[in-house]
Trainee: 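Pasting a structure here, questions to come.
Heavy-atom basis, side chains included; hydrogens, waters and symmetry copies ignored. Naming: A, B, ... by sequence-line order, numbering from 1 per chain.
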Amino acid sequence: MSAAAQPDITITLPDGKAMTFARGVTAGEVAAAIGPGLAKAALVAEVDGVQWDLFRPIEHDAKLRIITRKDTEALELIRHDMAHVLAMAVQELYPGTQVTIGPAIEDGFYYDFARETPFTPDDLPRIEARMREIIARDLPTRREVWPRDKAIAHFKGMGEAYKAELIEGIPAGEEVSLYWHGDWHDLCRGPHFASTAKIGDAFKLTKIAGAYWRGDSNNAQLQRIYGTAWRDKKELDAYLLRLEEQEKRDHRRIGKELELFTFSPDVGAGLPLWLPNGMVIRQELEFLAVQEERKEGYKRVATPQITKEALFYRSRHLPYYKDDMYAPLDIDGENYYLRPMNCPFHHLVYGATRHSYRELPLRITEYAQDYRYEASGGLSGLMRVRGFCMNDAHIYCRHDQAKDEFVRVMHLHARYYDLMGIKDYYMRFSLPDLNKLEKYVDQPDKWLTAMEIIKEAMKESGYPYVEARGEAAFYGPKVDFMIKSVIGTEYAISTNQLDFLATQTFNLTYIGEDGAEHPVYVIHRAPLGTHERFTAFLTEHYAGAFPVWLAPVQARVVPISEKANAYAEEVRRKLFEAPVVNGTAGLRVDVDLSAERMQKKIRDAQLQKIPYMLVVGEREAAEGKVAVRLRSGKDLGPMALETFIARIKSEAESRTDVAERGLRIAP
RNA sequence: GCCGGCUUAGCUCAGCUGGUAGAGCACCUGAUUUGUAAUCAGGGGGUCACAGGUUCGAGUCCUGUAGCCGGCACCA
């Protein structure tokens, strides 16, 4: 059948303009008809909202949009194409390597390979060079649709067991598309650029890693290669620079530089030692919580960090949580466990006395030290540890109070987050995984009620959230606040759970108006999460330049010469003795009496990100003043010592964050 | 826990294909007494993570253990 015999179709462009083409026209031909510039810039098309290869025929009337490098979708498309080029390069260089999947991800792409010998970092430059060569070959892309069974047989015949398995997962009857780049081909949904040269070469392979097939640790481990790819070299360089800058915020690096915390192999992996500077931050956070929780009517308790196993059997942590607990200690023939959680202890506190409906909600709080036997590979600085202290509390309330209490908890979070300027997070509403019900307590009606209460609370509080299947605790749904570390790992920084199980296992009841016993609801909440993770996050959030109320050293007195040492010490003492209403102690101030020149002293203070430097020489000594310098380098000039004390006191007490951060690195 | 890499002075790092350890900063001492990001000079400091092995000889090669780093899995 000749093209002339085909009925025409109408292609409508985004600006509403309609053009007529022969049926089977390709998007590339349409772009060419619009103009040579567009034809050249075109990467792929969007046909009726579906991404479409430029070389793929269009069979009916359609709305068409040409996607070029400038469009937002371009990056993802480039990265997806790049994954193919990576797979092709690897198969050329390492015959016998099987391909599996290779998606575009944030900032880049990866491809998972099945290969006996793992890749090493030395392989990356070689693979990268081959990728550049493949791109330069400018191989044309071809798309074919195959019957499912033919594709399965084909990939099996090639020894590509994983690809065959992937196709087997495609519903029967659905079409299977294959893409060729020159002689190399892969199963793929597409779309792809018309030829490899269109991808560009603004990319870099970044890391290799093991990754489980289908994300399941029961499956074989594949070899993953990560890369980053951008529109052009400039974007790539900007990204690499951004990574470098991020690394400077890494809490592990700053923690060392500012002497916040340390670890010792003699103590054990994941068991942090808080140094005096880090402890200041932790104490101030605790003090903040003390004050806020007091306003909210919480009651403080203290409970042991170790217990007989009976308690955890009762709470059902054994066996649900056993793998995450340290092995038991044999004490006089009985098993004792270090506690991984505090809930059972608080339940016993609640259960120790009878409760009337009038006294609910009862809010029990504790700074609780816990130990969890976290997988060794997951440990990371203070972000993920095995021994930590939680800002934990449990709210025992009536069913009709649960929603309101949950809302209050959300508002408490908001106060903390506002205070610390934390904006880059999202809330995750975690629900059970319906395919792994064995992970959860089997009480469907209770689950439904609990989820309904949280949903209503979230709706009422107005905070947006995303739902996540499979993240719930075994005893109930939860709402976590998710943040990212500077290296891009996502963590829950705060957590809130609704527990319907505890009331049964611990027989937690209250006496109602009717004189009968009724079950309570339990809300677990840890708005500051663990102090370890929260401090790690704040360190990265502030890049070590903590606001005055959190800064380990709030001001350093810098005498210009030995002649001013006596006055400098007097200034330090006056600051030290100034009463501070809203902090754990007085002002935290020190003096640099070293024999260095003042330039050096300023540099040292600057590198330690101390908010205020108080330069004092003979002039200041004579006038009772201090010359105030901010860590940003800004010089406020001399002011009366009393004026400065008033300023820093008010800043510390109000917990405002006004001191300039001064992130400038030494020239 | 799994895959890969790494571990040299308090910190950051050199140390070629094996021939018995270096720098800068920090620290100590002395000199200097300084006005907003590094004064000069001298000195002390390392069983090269630990345990085995190969070798005439190991920081360099091999094995194991621990810790760390990058991912995966798991999770506050």
Trainee: Would you say B/U34 has OP1 or OP2 under 4.0 Å from some side-chain N or O of A/Lys563?
Mentor: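 The answer is yes; a side-chain N or O of A/Lys563 sits under 4.0 Å from OP1 or OP2.
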
Trainee: Verify ring-ring contact (aromatic ring centres under 6.0 Å, His included) between A/His531 and A/Tyr367, making sure each step is shown before the conclusion.
Mentor: CA-CA 9 Å; A/His531 293 5; A/Tyr367 293 123; 5.5 Å; yes

Trainee: Which is true for A/Gln599 with a 4.0 Å heavy-atom rule: it touches a base, it touches only sugar-phosphate, or it touches nothing?
Mentor: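 The answer is sugar-phosphate, as A/Gln599 gets under 4.0 Å only of primed atoms, P, OP1 or OP2.
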
Trainee: For A/Phe119 and for A/Glu490, locate the closest nucleotide of RNA chain B by heavy-atom distance; then report the residue assigned to the nucleotide nearer the 5' terminus.
Mentor: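 With A/Phe119 and A/Glu490 compared, the 5'-side residue is A/Phe119.
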
Trainee: Going through the checks in order, is the ring-ring contact (aromatic ring centres under 6.0 Å, His included) test met by A/Tyr425 and A/Tyr417?
Mentor: CA-CA 10 Å; A/Tyr425 69 92; A/Tyr417 281 46; 4.8 Å; yes

Trainee: Distance criterion of 3.5 Å, no angle test: do you see the side chain of A/Glu374 paired donor-to-acceptor with the base of B/A76?
Mentor: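 Pair found.
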
Trainee: May I ask you to say what A/Ser561 touches in the nucleic acid, namely base, sugar-phosphate or nothing, with a heavy-atom cut-off under 4.0 Å?
Mentor: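 Answer is base: heavy atoms of A/Ser561 come under 4.0 Å of a base.
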
Trainee: State which of B/A76, B/A73, B/G71 makes the closest approach to the side chain of A/Ile487.
Mentor: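 The nucleotide sitting nearest to the side chain is B/G71.
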
Trainee: If the P atom of B/U47 is compared with that of B/U63, how far apart are they to the nearest Å?
Mentor: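 Rounded to whole Å, the distance is 26 Å.
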
Trainee: Name the pairing partner of B/A73, where a pair is Watson-Crick or G-U wobble with both distances under 3.5 Å, or state none.
Mentor: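 Pairing partner, where one exists within any strand: none, as none qualifies.
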
Trainee: Can you figure out which of B/C75, B/C3, B/U36 approaches the side chain of A/Met598 most closely?
Mentor: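 Shortest atom-to-atom distance from the side chain points to B/U36.
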
Trainee: Could you check which of B/A37, B/C74, B/U33 has an atom nearest any side-chain atom of A/Asp324?
Mentor: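 So the nucleotide nearest the side chain must be B/C74.
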
Trainee: Using atom P of each nucleotide, how far apart are B/G4 and B/A9 to the nearest Å?
Mentor: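 So the two P atoms sit 27 Å from each other.
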
Trainee: With both distances kept under 3.5 Å, what pairs with B/U20, Watson-Crick or G-U wobble?
Mentor: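 Paired with B/U20, as far as the under-3.5 Å criterion goes, is no nucleotide at all.
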
Trainee: Between B/C50 and B/A66, how far apart are the C1' atoms? Round to whole Å, please.
Mentor: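 The answer is 7 Å between these two C1' atoms.
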
Trainee: Please work out which residues in residues 257-274 of chain A have a non-hydrogen atom less than 4.0 Å from an atom of RNA chain B and list them by number.
Mentor: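 Close to the strand are A/Ala269, A/Gly270.
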
Trainee: List the steps, then state whether ring-ring contact (aromatic ring centres under 6.0 Å, His included) holds for A/Tyr226 with A/Phe109.
Mentor: CA-CA 6 Å; A/Tyr226 282 95; A/Phe109 59 95; 9.0 Å; no

Trainee: Counting only Watson-Crick pairs (N1-N3 plus N6-O4 or O6-N4) and G-U wobbles (N1-O2, O6-N3), all under 3.5 Å, who is the partner of B/G44?
Mentor: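 Per the H-bond distance test, none.
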
Trainee: To the nearest Å, how far apart are A/His251 NE2 and B/A76 P?
Mentor: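 Distance check: A/His251 NE2 to B/A76 P gives 17 Å.
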
Trainee: Nearest-Å distance, CG (A/Asp480) to P (B/C74)?
Mentor: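 To the nearest whole Å, that distance equals 15 Å.
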
Trainee: Measuring to OP1 and OP2 of B/A26, would you say a side-chain N or O of A/Lys600 lies under 4.0 angstrom away?
Mentor: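 Checking A/Lys600 against B/A26: at least one side-chain N or O falls below 4.0 Å of OP1 or OP2.
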
Trainee: What's the closest nucleotide to the A/Ala375 side chain, out of B/G1, B/A76, B/C72?
Mentor: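 For the A/Ala375 side chain, the nearest candidate turns out to be B/G1.
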
Trainee: Taking the P atom of each, how far is B/C48 from B/G52, in whole Å?
Mentor: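 That atom pair is separated by 13 Å.
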
Trainee: Scan side-chain atoms only and decide if A/Tyr491 and A/Arg384 contain a donor-acceptor pair under the 3.5 Å cut-off.
Mentor: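 A/Arg384 and A/Tyr491 do not have a side-chain donor-acceptor pair below 3.5 Å.
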
Trainee: Could you check which nucleotide pairs with B/A66 in any of the strands shown, counting Watson-Crick or G-U wobble with both distances under 3.5 Å?
Mentor: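 Because both required distances fall under 3.5 Å, B/A66 counts as paired with B/U7.
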
Trainee: Any side-chain donor paired with an acceptor under 3.5 Å for A/Gln221 and A/Trp213?
Mentor: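 No, no side-chain donor-acceptor contact under 3.5 Å.
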
Trainee: Considering only heavy atoms and no angle criterion, is a donor-acceptor pair shorter than 3.5 Å present between the side chain of A/Glu620 and the base of B/G35?
Mentor: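 Side chain to base: pair present.
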
Trainee: What's the closest nucleotide to the A/Tyr212 side chain, out of B/U33, B/A73, B/U36?
Mentor: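 The answer is B/A73.
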
Trainee: Tell me which residues in residues 203-211 of chain A put a heavy atom below 4.0 Å from RNA chain B, sorted by number, or none.
Mentor: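 Those residues whose heavy atoms fall under 4.0 Å from RNA chain B, taken from residues 203-211 of chain A in numerical order, are A/Lys207, A/Ile208, A/Ala209, A/Gly210, A/Ala211.
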
Trainee: Can a side chain N or O of A/Arg252 be found less than 4.0 Å away from OP1 or OP2 on B/C69?
Mentor: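 For A/Arg252, the contact criterion (side-chain N or O under 4.0 Å from OP1 or OP2 of B/C69) is met.
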
Trainee: Please give, in whole Å, the distance from B/A73 C1' to A/Leu222 CG?
Mentor: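 Nearest whole value for this atom pair: 13 Å.
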
Trainee: Do the charged groups of A/Lys322 and A/Asp324 touch, with an N to O distance under 4.0 Å?
Mentor: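 Result for this pair is no, no salt bridge flagged.
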
Trainee: For A/Val558, report the nucleic acid contact type (base, sugar-phosphate, nothing); a contact means any heavy atom under 4.0 Å.
Mentor: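 No contact at all - A/Val558 keeps every heavy atom at 4.0 Å or more from the nucleic acid.
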
Trainee: Report which part of the nucleic acid A/Ala605 touches: base, sugar-phosphate, or nothing (heavy-atom distance under 4.0 Å, all strands).
Mentor: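 No contact at all - A/Ala605 keeps every heavy atom at 4.0 Å or more from the nucleic acid.
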
Trainee: Can you check the distance between B/U20 and B/A37, where both ends of the measurement are the P atom (answer in whole Å)?
Mentor: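 Approximately 46 Å lies between the P atom of B/U20 and that of B/A37.
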
Trainee: With hydrogens left out and only the distance checked, is there a donor-acceptor pair under 3.5 Å joining A/Tyr373's side chain and the base of B/G1?
Mentor: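 Donor-acceptor pair under 3.5 Å: no.
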
Trainee: Using the C1' atom in both, what is the distance from B/A14 to B/C2, to the nearest Å?
Mentor: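 34 Å, rounded to whole Å.
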
Trainee: Rounded to whole Å, how long is the line connecting atom CD of A/Glu618 with atom P of B/U33?
Mentor: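 It is 12 Å, rounded to the nearest whole Å.
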
Trainee: Roughly how far apart, to the nearest Å, are B/A26 and B/A58 at atom P?
Mentor: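 B/A26 and B/A58 have their P atoms separated by 36 Å.
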
Trainee: Among A/Glu405, A/His394, A/Glu293, which residue meets the side-chain hydrogen bond (donor to acceptor under 3.5 Å, both in side chains) test with A/Arg363?
Mentor: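 Filter result, single survivor: A/Glu405.
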
Trainee: Any side-chain N or O of A/Lys256 less than 4.0 Å from the OP1 or OP2 oxygen of B/U12?
Mentor: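 Yes, within the criterion.
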
Trainee: After noting the C-alpha distance and the side-chain angles of A/Tyr475 and A/Tyr320, does the key distance pass the ring-ring contact (aromatic ring centres under 6.0 Å, His included) rule?
Mentor: CA-CA 10 Å; A/Tyr475 48 74; A/Tyr320 277 108; 9.3 Å; no

Trainee: A/Arg597 side chain N/O closer than 4.0 Å to the phosphate oxygens (OP1, OP2) of B/U39?
Mentor: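 A/Arg597 to B/U39 OP1/OP2: side-chain N or O found under 4.0 Å.
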
Trainee: Can you tell me how far C1' in B/A73 sits from the matching atom in B/C3, rounded to whole Å?
Mentor: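 These two C1' atoms come out 11 Å apart once rounded.
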
Trainee: Base, sugar-phosphate, or nothing for A/Glu471, non-hydrogen atoms under 4.0 angstrom?
Mentor: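 Touches nothing.
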
Trainee: Establish, with yes or no, whether the OP1 or OP2 oxygen of B/G4 is under 4.0 angstrom from a side-chain nitrogen or oxygen of A/Thr120.
Mentor: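 No, no such contact exists.
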
Trainee: What does B/U39 pair with, Watson-Crick or G-U, if both distances are under 3.5 Å?
Mentor: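 Check on B/U39: paired to B/A31, both distances under 3.5 Å.
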
Trainee: Need one value for A/Tyr226: base, sugar-phosphate or nothing, where a base atom within 4.0 Å counts as base even if backbone is also close, heavy atoms only.
Mentor: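 Sugar-phosphate, backbone atoms only, no base.
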
Trainee: Is A/Asp592 paired with A/Arg572 through a side-chain N to carboxylate O contact shorter than 4.0 Å?
Mentor: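 So A/Arg572 does not pair with A/Asp592 through a salt bridge.
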
Trainee: Choosing from B/U36, B/G71, B/A73, which nucleotide comes nearest the side chain of A/Gln221?
Mentor: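 The nucleotide sitting nearest to the side chain is B/G71.
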
Trainee: Under 4.0 Å, counting only non-hydrogen atoms across every strand here, what does A/Gly529 touch: a base, just sugar-phosphate, or nothing?
Mentor: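 Answer is nothing: A/Gly529 stays at 4.0 Å or more from every strand.
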
Trainee: Tell me what A/Ala627 touches on the nucleic acid: a base, only sugar-phosphate, or nothing, going by heavy atoms under 4.0 Å.
Mentor: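 The answer is base, as A/Ala627 lies within the cut-off (heavy atoms under 4.0 Å) of a base atom.
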
Trainee: For the side chain of A/Arg386 and the base of B/C75, is some donor closer than 3.5 Å to an acceptor across the two?
Mentor: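 No pair found.
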
Trainee: In Watson-Crick or G-U wobble terms, both distances under 3.5 Å, what is the partner of B/U54?
Mentor: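 Across any shown strand, B/U54 pairs with none.
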
